Amino acid sequence: MSRTSAPAPADRQDDVALSHGLKQRHLSMIALGGVIGAGLFVGSGAGIAAAGPSIVIAYALSGLLVMLVMRMLGEMSAANPASGSFSVHAERAIGPWAGFTAGWSFWFLLCVAVGLEGIGAAKIMTGWMPGTPEWAWVALFMLVFCGTNLAAVKNFGEFEFWFAALKVGAIALFLGIGVLAITGVLPGTDAPGTANLTGDGGFLPNGTDGLVVGLLASVFAYGGLETVTIAAAESEHPVQGVAKAVRTAMWRIAVFYIGSMAVIVTLVPWDDPKVVEKGPYVATLDHLGIPGAGQIMNVVVLVALLSAMNANIYGASRMACSLVGRGQGPKALGRTSGGVPRTAVLVSSVFGFGCVLLSYWRPNDVFMWLLNMIGAIILVVWIFIAVSQLLLRRRTEREDPSRLVVKMWLYPALTWVALAGMAAVFVLMAREAETRTQLLYTGGLTLALAAVGYARQVRARRLQA
């Protein structure tokens, strides 16, 4: 019997060679910090501009959906920790083709995201040091975080711990200042009351259409939580670690996201152009007269981007290693040294840097093609998670109910509610021209991977017959 009491050795093939150097404090901070990125600090401005004060409702609804998804993923990962996370669960529940599709689509998402985050971080650095080339900064960041991930996993954990601590501290400080300003206690400010919430078009200034745009923006801002269940397989106590991390992270993240949006739209008029131009956090701090707000938030955003680069290289390499360990990819990617899948780290980093080069060489076609393909992948992953949990929960209750350390609430009702919510998001994406394009490209990638995965599955069965 393995250290996680998994009944089938095949479930553990993907991480037998990996080390277990992550501590509980690493997991807790990865869970908290993994989702706090530039999408929240900067990207949320577009959602506020579209939805107005109702962005709070948008983040609450999408936050509820994400909490359900994480509870399902936490249940499966505590019962069967694996570095392939939801890919392993999909393979066990649905079949090898599902694990192949979920795993490689997520790997592709993370690698492209590494490139995007590198570009964003480089733009901040060139703003501070005009005349320096963006590609040089991206190359430097890639070398640093590729090196970090090539070393022992505890180094990745330490980097993420301190990165996440800074982001969490920044959000907590922002919320504290915001509450003081809203209550009129902050020196030099008057309590705004409900003027910004109900005036200038009301709570729903752009109607339900604006709320829909804000909802779509908020759904994708929550992406990143899945990394903690990938990292759990390399922790000292995988079962207890993922259970605790998932339980504590969900409500804290809801407070950070929904609380931040509530503070921003209460203090600043939703149609203030600075909300989009500078980002909602900078706009709020400027509005309150906090000196140096712009540069302070630029530092926080830079840290958020670098943290995301680090975490995504880690997640991509572990997912690739897991897939190879289950016979779902080229064997070279699965080679480990010192408990680290170094080949997978290098390939994932090179792919990410290649995306950066494409953004310079072909920004209007090839790069946009890549961006559109990853547009809705996280929703595809969530659907695999929900379907897998529906099937595996029943199987686990029958075979070994003691492994249900974390349980999905009101199973199976809330799982079906989550699936209905995901279907609703797909429908809303199909209504909007910009997101409809992403939906089509992501759908094409998913179908292509599913076809390859199914063909591999059929071939494997024939060879075994």
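Basis for what follows: all heavy atoms, side chains included, without hydrogens, waters or symmetry-related copies. For clarity, every value in this text was computed on a predicted model and none was experimentally measured.
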Quiz prompt | Test item: S317 side-chain N/O and V345 main-chain N/O as donor-acceptor pair under 3.5 Å | solution = no
Quiz item: Could you walk me through whether T126 and W137 pass the side-chain hydrogen bond (donor to acceptor under 3.5 Å, both in side chains) check?
Solution: CA-CA 8 Å; T126 54; W137 287 111; over 6 Å; no
Quiz prompt | Separation of W128 CH2 from Q295 CD (nearest 0.5 Å) | solution = 6.5 Å
Quiz item: Rounded to the nearest 0.5 Å, what separation is found between the NZ atom of K274 and the CG atom of L285?
Solution: 12.0 Å
Exercise. For N149 and F145, indicate whether the former's side chain and the latter's backbone hold a donor-acceptor pair under 3.5 Å.
Key: yes
Practice problem: Using side chain to side chain contact (heavy atoms under 4.5 Å, CB included) as the criterion, point out the one residue from N298, L140, L302 that pairs with M125. | Solution: L302
Exercise. Examine distances only and state if a side-chain atom of D272 and a backbone atom of V268 form a donor-acceptor pair shorter than 3.5 Å.
Key: no
Quiz item: What distance do R318 atom CZ and S348 atom OG have between them, rounded to the nearest 0.5 Å?
Solution: 9.5 Å
Hey, can you pull the donor-acceptor pairs under 3.5 Å for the side chains in residues 177-196, sequence neighbours left out?
| from | atom 1 | to | atom 2 | distance (Å) |
| --- | --- | --- | --- | --- |
| T183 | OG1 | V179 | O | 2.9 |
| T183 | OG1 | L180 | O | 3.1 |
| T189 | OG1 | L186 | O | 2.6 |
| N196 | ND2 | T266 | O | 2.9 |
| N196 | ND2 | L267 | O | 3.2 |

Self-check item: Gap between atom CH2 of W104 and atom SG of C111 - 0.5 Å precision
Solution: 8.5 Å
Quiz prompt | Backbone of D200 reached by a side-chain donor or acceptor of W270 within 3.5 Å | solution = yes
Exercise. Let me see the working for T343 and R335 under side-chain hydrogen bond (donor to acceptor under 3.5 Å, both in side chains), right down to the final yes or no.
Key: CA-CA 6 Å; T343 305; R335 293 173 186 161; 5.3 Å; no
Quiz item: Where the side chain of S105 meets the backbone of A102, is there a donor-acceptor pair that is under 3.5 Å apart?
Solution: yes
Quiz item: Which value, rounded to the nearest 0.5 Å, describes the distance between E75 atom CD and H89 atom NE2?
Solution: 10.0 Å
Practice problem: Evaluate whether atom CZ of R362 has more than 12 neighbouring non-hydrogen atoms of other residues, nucleotides or ligands under 6.0 angstrom away. | Solution: no
Self-check item: Side chain proximity check, F108 to F351, heavy atoms < 4.5 angstrom
Solution: yes
Quiz item: Any side-chain heavy atom of L306 within less than 4.5 Å of one from N310?
Solution: no
Quiz item: Going by the angle between their ring planes, with limits at 30° and 60°, are F86 and F106 parallel, tilted or perpendicular?
Solution: perpendicular
Quiz item: Do L346 and C146 come within less than 4.5 Å of each other through their side chains, counting heavy atoms only?
Solution: yes
Quiz prompt | Atom pair CG/CG of L445 and N372 - distance to nearest 0.5 Å | solution = 11.5 Å
Quiz item: Are Y281 and I171 side-chain neighbours, meaning at least one heavy-atom pair lies under 4.5 Å?
Solution: yes
Quiz item: Are K278 and D286 ion-paired here, with the side-chain N under 4.0 Å from a carboxylate O?
Solution: yes
Quiz item: Is the CH2 atom of W162 crowded by more than 12 outside heavy atoms at less than 6.0 Å?
Solution: no
